[in-house]
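Per chain, numbering begins at 1; letters A, B, ... match sequence-line order. Side-chain atoms are counted along with the backbone in the values below, which use heavy atoms only and exclude waters and symmetry mates.
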2 protein chains.
Amino acid sequence: MPRPKSPLLSRERIRDAALELIDAEGIGALSMRNLALRLDVKAASLYSHYPNKDAVLDAVANLLTRQVDTSGFERGWRAGLETWGRSYHAALRGHPNAAPVVAAGTGRREDFLAMADAVHGGLVGDGWPPRYATMIAASVKYLVIGAATTPFASGFADDTRVYFERYPNLVQAHLIPAHAEEIDSDSFELALAGLLAGLEPLHASLTAGERRGAREAGR
Amino acid sequence: MPRPKSPLLSRERIRDAALELIDAEGIGALSMRNLALRLDVKAASLYSHYPNKDAVLDAVANLLTRQVDTSGFERGWRAGLETWGRSYHAALRGHPNAAPVVAAGTGRREDFLAMADAVHGGLVGDGWPPRYATMIAASVKYLVIGAATTPFASGFADDTRVYFERYPNLVQAHLIPAHAEEIDSDSFELALAGLLAGLEPLHASLTAGERRGAREAGR
DNA sequence: ACCTGAACACCGTTCAAGT
DNA sequence: ACCTGAACACCGTTCAAGT
């Protein structure tokens with residue numbers, strides 16, 4: 001049945017189906033043939049809408065990136081980083097199987113660049129010199145990506161008894177799967193809070209004159 | 001030429017060749033057929049030494065994990081985390097193409113568990129309650145994995161002029177490829193220093209009595 | 001313009017066969 | 001025990017053909 005009068009596919013439908021497939025069966029299950037099957041279509045048809053598989057993955061990554069909130073910088077650099085970090089983290093934790101997709105190849109994705117630009121602007125706008133703004137944005141991103149792609153507690157074997165003899169220090173609550181998610185989110189919050197607390201004196205040590213100079217040079 | 005008197009392959013030779021291949025051509029180039037080619041052998045031969053491709057990748061990950069130094073905790077929790085974080089980061093940055101391999105599936109790898117156990121023991125031994133030890137170890141791991149798998153500056157297009165119009169805030173030094181590596185390592189150091197500085201008052205707020213109690217309950 | 005069938009060059013893995 | 005050839009069920013991608 002070639003060339004139906006109303007198209008069977010669209011870029012959005014393909015992208016959404018790809019995310020569903022990743023959520024349900026993991027990144028390993030996302031093949032062009034498998035994706036086509038889900039859309040009641042043949043694999044070759046997808047190439048009428050995306051040039052290749054990577055482009056489909058980019059569309060998924062952009063979709064998730066657009067959920068990230070960078071509006072908090074209106075209330076200062078600290079509130080901005082908190083809002084950004086938490087919403088970024090939440091977007092990835094909402095689709096854990098897709099997190100590595102979002103983490104990869106960030107540098108040439110449209111919506112990632114828009115996000116990075118907003119964050120950098122927010123930091124420079126509240127007095128951080130551009131070079132610090134770059135490093136601080138990178139730091140928070142490291143935490144988000146690390147937390148989303150390798151949650152600490154998950155991945156341990158379900159049968160914790162295996163560990164008892166060889167790894168005495170690890171036999172703690174964090175090996176109990178039921179606590180895993182809570183410990184992961186608490187760890188992210190602790191790290192974010194710790195980092196922001198550690199940056200506070202650095203920001204304070206910038207004199208009013210240095211802050212103004214940084215703001216002017218930043219644009 | 002089946003069954004030579006002295007074996008052509010060994011687990012170590014296969015694992016080392018896999019790392020070389022990943023370093024030279026990236027993770028995408030590591031196929032069993034390609035790996036076998038490099039060892040002057042057929043793909044099926046590899047299955048006499050490893051049950052599957054994942055096991056080869058685990059061997060590579062374990063090799064890199066064994067380079068990580070957890071001895072610093074003898075000089076206190078802060079020195080321990082610095083030594084651990086830096087050596088972990090350095091091990092992954094030395095093989096950037098392999099970093100995602102090390103990041104994945106950590107929970108059931110022998111050498112990762114030994115490392116995590118040493119870190120946890122070092123933190124609890126210097127007064128952190130077990131639950132905090134878990135979260136702090138997770139935090140530093142997040143930074144290391146995030147920094148190693150998605151270096152901030154890399155991945156931007158070489159031609160930075162593309163960004164000028166649309167992303168005014170991003171047109172800074174960090175878009176210059178020559179500075180990328182320096183900014184990445186500086187960012188990691190800033191994040192680690194910030195996090196440790198932020199944790200200091202938390203550790204100090206634990207009274208001597210609470211510290212003793214934590215140490216006793218931690219084993 | 002949009003979908004299909006068939007083909008190409010790849011994969012990971014298995015297994016009987018050789019020594 | 002260790003290596004091979006051949007096969008299986010998969011991949012991503014291309015392209016002529018159909019309407």
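- Contacts classified as salt bridge (charged side-chain N to carboxylate O under 4.0 Å, His left out) and involving residues 68-95 of chain B (residues at least two apart or in different chains) are given here: Arg78(B)-Glu200(B), Arg86(B)-Glu189(B).
- Across every non-hydrogen atom of Val144(A) and Tyr88(A), the tightest pair is CG1-CG, 3.7 Å.
- Remark: His49(B) is not in phosphate contact with dA1(D), judged by side-chain N or O atoms under 4.0 Å from OP1 or OP2.
- Put simply, CZ on Arg13(A) is 14 Å from C1' on dC3(C), counting in whole angstrom units.
- When rounded to the nearest whole Å, the span between CG of Leu8(B) and C1' of dT19(C) equals 13 Å.
- Out of dC3(D), dG12(D), dT4(C), the shortest distance to the side chain of Val41(A) is found at dT4(C).
- Closest to the side chain of Lys53(B), out of dT13(C), dT4(D), dG5(C), is dT13(C).
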Its dot-bracket string being built from Watson-Crick and G-U pairs below 3.5 Å, with | for another strand and [ ] for crossing, DNA chain C has the pattern ||.|||||...|||||.||

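- Residue pairs meeting the salt bridge (charged side-chain N to carboxylate O under 4.0 Å, His left out) criterion with at least one member in residues 26-42 of chain B, sequence neighbours excluded: Glu20(B)-Arg38(B), Glu25(B)-Arg38(B).
- Every salt bridge (charged side-chain N to carboxylate O under 4.0 Å, His left out) that Asp186(A) has, sequence neighbours left out, goes to Arg131(B).
- Arg66(A) meets the salt bridge (charged side-chain N to carboxylate O under 4.0 Å, His left out) test with Asp111(A); sequence neighbours excluded.
- Following rounding to the nearest Å, Tyr47(A) (OH) and dA17(D) (P) show an atom-to-atom distance of 21 Å.
- The side chain of Ser48(A) contributes no N or O atom lying less than 4.0 Å from OP1 or OP2 of dC3(C).
- Annotation: proximity of residues 16-35 of chain B to DNA chain D (heavy atom, distance under 4.0 Å) is found for Arg33(B), numbered in ascending order.
- Set against dC3(C), dG5(D), dG12(D), the side chain of Lys42(B) has dG5(D) as its closest nucleotide.
- Taking Glu12(A) as the reference, nothing meets the salt bridge (charged side-chain N to carboxylate O under 4.0 Å, His left out) condition, with sequence neighbours excluded.
- With rounding to whole Å, Leu46(A) atom CG is found 14 Å from dT14(D) atom C1'.
- Taking atom CG of residue Leu37(A) and atom P of nucleotide dG5(C), one finds them 13 Å apart after rounding to whole Å.
- In this model, no donor atom of one side chain and acceptor atom of the other lie less than 3.5 Å apart for Ser10(A) and His49(A).
- Among residues two or more places apart in sequence or in another chain, the side chain to side chain contact (heavy atoms under 4.5 Å, CB included) test is passed with Gln67(A) by Leu64(A), Ala91(A).
- A search for side chain to side chain contact (heavy atoms under 4.5 Å, CB included) contacts involving Ala59(A) returns Arg15(A), Tyr50(A), not counting sequence neighbours.
- Closest to the side chain of Ala44(B), out of dT13(D), dC3(C), dT14(C), is dT14(C).
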